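Before we start, here is the structure in question, set down as structure tokens.
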Amino acid sequence: MNFQFLVDIFQKSLEKTGVSEGYKLFFESPKNPENGDLATNVAMQLAKAMKQAPRQIAETIIKNLEYDKTIIENIEIAGAGFINVKFSNNFFYNELINATETRDLFGKGKSGAGKKVNVEYVSANPTGLLHMGHGRNACIGDTVANMYEWNGWEVTREYYFNNAGNQMNNLGKSIFARYMHLLGEQDFPFPEDGYHGSYIITIAEMLMTHHGDSLKSSTTEDLAVCRKYGEQWCFDRIIETMKALNVHHDIFFNEDTLYTDGKVNDVIEQLKALNLAYEKEGALWIALSKMGLKDDRVIVKSSGEPTYRLPDIAYHIVKFQRGYDQLIDVFGADHIATVPDVLAALKALNYDISKIDVLIHQFVTLTENGEQVKMSKRSGKSYTLDELIEEVGSDVVRFFFLMRGITTHLEFDLALAREQSDKNPVFYLQYAHARISSVLDTAKDREINKKDSFDPILLKEKQELDLIKILLKFPAVVESSCEKCEPQILAEYLRELAAAFHVFYHDCRILGVDSDLQNSRLHLANITKIAMRNGLTILGINAPDRM
RNA sequence: GCGCCAGUAGCUCAGUUGGAUAGAGCAUCAGCCUUCUAAGCUGAGGGUCACAGGUUCGAAUCCUGUCUGGCGUACCA
């Protein structure tokens, strides 16, 4: 629904009233339906400046209002000075016709037409299997990317593959130690902060089948083989897990290319040229204190290895140079410390950081029977994402990760997720879709053919009008959930839509009523199905025809 | 110590640039299937919006302080 016309006619009325500033004209839908379809508080905002009672101002505004009475049924003053607008049913009927004409593309927006966005998500190190936290990240990132696509953006989905640095060496050493153990060298020391998971042993076993004891001499090359082998194994498994979760990427950006292409050195040179990097105690520091932050940080360790901040900066520059209109990073709360540093450095290097949107999601806790299931990659005791998907299915996993706001801590209730019943919230949505499919199938079986057009005026029951009104919000919800990068808004909306459909279905028969009414109701059911399917598709969840 | 996120019904969470009587799901209780899928629908109970101040016509929402939990505060990522 497009309410711009409403803003326009109010704007005109305000001009006629002689008001030109001191207010922000906007409409919101009142909680209580008795207060109409849309309301504005503009009269209350003006009360002080105009030195008049809000209700009196509202009266003047309404008097100067010119509007089409076939579209707006009623405008009245209520409460402390709200102006409530009630649309006529005709308005909704026209909008419903417009919506059905978009067919399968209902909800598709154009606000991003011609613009390019890069969404980076998951970006887990290839040092192990994905766990719950990565799962939330993957679902948020993938869904945000879907939302941008639905609003007309050209979307690049990217995974930053940290295959350089200390953690990778650590992986190589852990694998090598297990490899030595398998060769009977039980006393070979396991690295102190090594990876303890059983998958390391699996990798070592495979390594032994391929290489026998040829790596035993423990040269740098041997360790590099372990490292590379482990990286590939982890990468393959990560891809598999994401595939099971309906998550994919267009680009896997390898961190090590930042070194081979000289991008990291470029950053160092540029920072030095701006006098923003300096040597101290054998390390290279970035002068964040000159950029408005509190402490300077090391970007190249005294060992000669860079810290994560440096490649992070270089990587963002690479993304900037590809010419996106917007860059989105999806990070877990544990990465929060790096964000201000990277942004400050990019700003100092003259990049427009207003194009960067960093989404920080809070942690996931997995509970079962009121007890927390801990997950830590290095200790090895973890409930992997694979196991979770295997156990409850991808649809449930995705919905559980998306049904909460990204800034809140998410409690993943395993018992509830396992529940294959009406208690499980995702089924409520899928069931609405399956029900509609079933009715449409039954109609076909009975050789009831939906006509090309329908008469919306026949849809005059309260349940029908309620459903229509909620249905018409769909495109705006797709747009605002994208603007706010908040999948939860869409998930919550779909629950509301499903509820409105279930009530309609319960109270209004679709098949077997008067044939014109039957035709109109079939159309209403059909467009509801399309909205539900499109919404679920954006969330990456299946819309089943049968349950 | 400092920074970020959070604190709303028994539990998990919504609450749109400050708005009208603070909502939903689950749980509890009471109803509804000879008719298109009961994984559904209807109703009831359930609240000091962590606490204390402040801003104003109006605060769960904004400001200040306090308390509680999570994350961070590395020459790990």
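Just so it is clear, the structure is predicted and the values come from calculations on it, not from any experiment. Within every chain, numbering begins at 1; the chains are lettered A, B, ... in the order of the sequence lines, protein sequences first and strands thereafter. Heavy atoms only: backbone and side chains are in, while hydrogens, waters and symmetry mates are out.
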Can you confirm whether or not the ring centre of A:Phe501 sits under 6.0 Å from the ring centre of A:His433? no

Categorize A:Lys24 for me: base, sugar-phosphate, or nothing, with a 4.0 angstrom heavy-atom threshold over every strand shown. base

Compare the ring of A:Phe82 with the six-membered ring in the base of B:rA20 and state whether they stack (centres under 5.5 Å, planes under 30°). yes

Please work out if A:Ala39 contacts a base, only the sugar-phosphate, or nothing of the nucleic acid, heavy-atom cut-off 4.0 Å. base

Determine the contact category for A:Tyr428: base if any of its heavy atoms lies under 4.0 Å from a base atom, sugar-phosphate if only primed atoms, P, OP1 or OP2 are that close, otherwise nothing. sugar-phosphate

Of all the base pairs, Watson-Crick or G-U under 3.5 Å, which form stems of three or more consecutive pairs involving RNA chain B? B:1-7 with B:67-73, B:10-13 with B:23-26, B:28-32 with B:40-44, B:50-54 with B:62-66

Does A:Lys280, at its NZ atom, have more than 12 non-hydrogen atoms belonging to other residues, nucleotides or ligands within less than 6.0 Å? yes

Nearest to the side chain of A:Asn32 - B:rG40, B:rC75, B:rU21? B:rU21

Would you mind telling me which of B:rG19, B:rC76, B:rC71 lies closest to the side-chain atoms of A:Ala333? B:rC71

Base, sugar-phosphate or nothing for A:Glu496? Non-hydrogen atoms, less than 4.0 Å. nothing

Can you pull every protein N or O that's under 3.5 Å from an N or O on nucleotides 35-37 of chain B?
| residue | atom | partner | partner atom | Å |
| --- | --- | --- | --- | --- |
| B:rU35 | O2' | A:Arg509 | NH2 | 3.3 |
| B:rC36 | O4' | A:Arg509 | NH2 | 3.2 |
| B:rC36 | O2' | A:Thr442 | OG1 | 3.3 |
| B:rC36 | O2 | A:Leu511 | N | 2.9 |
| B:rC36 | N3 | A:Ile510 | N | 3.1 |
| B:rC36 | N4 | A:Tyr505 | O | 2.7 |
| B:rC36 | N4 | A:Cys508 | O | 3.3 |
| B:rU37 | OP1 | A:Ser438 | OG | 2.5 |
| B:rU37 | OP2 | A:Ser438 | OG | 3.2 |
| B:rU37 | O2' | A:Tyr431 | OH | 2.3 |
| B:rU37 | O2' | A:Arg435 | NE | 2.9 |
| B:rU37 | O4 | A:Ala434 | O | 3.4 |
| B:rU37 | O4 | A:Asp545 | O | 3.3 |
| B:rU37 | O4 | A:Met547 | N | 3.4 |

Contacts of A:Arg418 that satisfy salt bridge (Lys or Arg N to Asp or Glu O under 4.0 Å) - sequence neighbours left out: A:Glu368, A:Glu391

Describe the nucleic acid contact of A:Ala78 in one word from base, sugar-phosphate, nothing, applying a heavy-atom distance below 4.0 Å. base

Report all interatomic pairs (protein N or O, nucleotide N or O of nucleotides 6-12 of chain B) with separations under 3.5 Å.
| residue | atom | partner | partner atom | Å |
| --- | --- | --- | --- | --- |
| B:rU12 | O2' | A:Arg404 | NH2 | 3.0 |

In terms of base orientation, is B:rC41 syn or anti, with the syn window spanning 90° either side of 0? anti

For A:Asn84, which contact category applies under a 4.0 Å heavy-atom criterion: base, sugar-phosphate, or nothing? base

Using the C1' atom as the reference point in each nucleotide, state the distance between B:rA60 and B:rA77 in Å, no decimals. 37 Å

Roughly how far, to the nearest 0.5 Å, is CG of A:Asp329 from OH of A:Tyr315? 7.5 Å

Distances for protein N or O near nucleotides 54-59 of chain B N or O, under 3.5 Å:
| residue | atom | partner | partner atom | Å |
| --- | --- | --- | --- | --- |
| B:rC57 | OP1 | A:Lys48 | NZ | 3.4 |

Could you list by number each residue of residues 515-525 of chain A showing a heavy-atom separation from RNA chain B of less than 4.0 Å, or answer none if no residue does? none

Please answer whether the main-chain N or O of A:Val298 pairs with a side-chain N or O of A:Thr307 as donor and acceptor at a distance below 3.5 Å. yes

With a 6.0 Å cut-off (strictly less than), is the heavy-atom count around NZ of A:Lys347, excluding the residue itself, greater than 12? no

Look at A:Lys423 together with A:Asp413 and state whether they make a salt bridge at an N to O cut-off of under 4.0 Å. no

Under 4.0 Å between any heavy atoms, over every strand shown, what does A:Asp334 touch: base, sugar-phosphate, or nothing? Just pick one. base

Look at A:Lys294 and B:rU73 and indicate whether a side-chain polar atom (N or O) is within less than 4.0 Å of OP1 or OP2. no

